[in-house]
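See below for the structure under consideration.
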Amino acid sequence: MSDSSKFGVQIVNLVGSGSLDVEMDLEYLARDIGESIASYDPNKYPGMYLRFSEDKPLITVYRTGKYIVVGANSLEEAHAFRDRFLGLLSEMRVIDEAKDESFRIQNCVCTGNLKENLSLNALAIELGLEKTEYEPEQFPGLIYRPDTGEAVLLVFATGKVVITGSNTIESAQSAFDAFREQLDTFLN
DNA sequence: TGAGCGGCTCCTTATATATCAGCTTCGG
DNA sequence: CCGAAGCTGATATATAAGGAGCCGCTCA
């Protein structure tokens, strides 16, 4: 168990989306909600942005009733801000009840740390050139795409790792664990 | 030949990670 | 006035979303 706490991954960003199946008048909604929370500039981007507090998740709402929540660093926070958004729309009578069964986490971005410096050139060969991309002149990290397809890992020479593309923290953790196992065989 | 349509790419947002170039600012 | 130091914005990753623009293809 000490292994998983020592090499546990941390959520740094969650992206979730849902659909309310209601056509929205974003111009009207943005005005009614107020510019302390809402911002909408259709010439710049078709979505309306809602930010309830600084350094907190951002919600982007579309004309079609579809929306995305980005920037939460826990499942609880993502759901709390979705609920706040649904509550607001419910109060404004845009939707009947503050519920949305369609909401799903689409991307869970995590960080991990191997606590060990790596030679990325050697690692690229070990992991297999068809699964890795490493062009230090383009980007300092090695990009590793495991066969499972459940995540993509960005590996840095410092041993720090970014795990992205999975939709649960569990699959991000298992992708990181599998990568660490590969690394152990490589180092020994 | 031109209209129309489908598919594709880019834009925007968050976030960690690291490395470069280019720019500003400051001290001696 | 020049070097150093600091800061900013690019580079790349995933993901949802709607719209603009572009390219190629088909059909009249």
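Every chain is numbered from 1 and lettered A, B, ... according to where its sequence line falls, protein lines coming before strand lines. Quick note: numbers below take in every heavy atom, side chains included, and nothing from hydrogens, waters or symmetry partners.
If you check every strand for non-hydrogen atoms under 4.0 Å, T60(A) touches nothing. Within 4.0 Å of R104(A), counting heavy atoms only, lies no atom of the nucleic acid at all. Residue T64(A) is classed as a sugar-phosphate contact, given heavy-atom separations below 4.0 Å to backbone atoms only. Nucleic acid contact class of T164(A) (heavy atoms, under 4.0 Å, all strands): base. Counting any heavy atom pair closer than 4.0 Å across all strands shown, I143(A) reaches sugar-phosphate atoms only and no base atom. At the heavy-atom level, E133(A) lies under 4.0 Å from the strands shown only through sugar-phosphate atoms. No engagement by Y67(A) is indicated, since no non-hydrogen atom pair under 4.0 Å with the nucleic acid exists. The residue V15(A) sits close to a base: some heavy atom pair falls under 4.0 Å. In this structure, V152(A) reaches the sugar-phosphate backbone alone: every heavy-atom distance under 4.0 Å involves primed, P, OP1 or OP2 atoms, never a base.
Checked against a 6.0 Å centroid threshold, the rings of Y67(A) and F85(A) count as neighbours.
By the side-chain hydrogen bond (donor to acceptor under 3.5 Å, both in side chains) test, K56(A) is found to be paired with E77(A), residues two or more places apart in sequence or in another chain being considered.
If one axis is set at each end of the helix from dT1(B)-dA28(C) to dG28(B)-dC1(C) from five pairs, those axes are 60° apart, to 10°.
Residue side chain Y45(A) reaches the base of dA17(C) through a donor-acceptor N/O pair under 3.5 Å, judged by distance alone.
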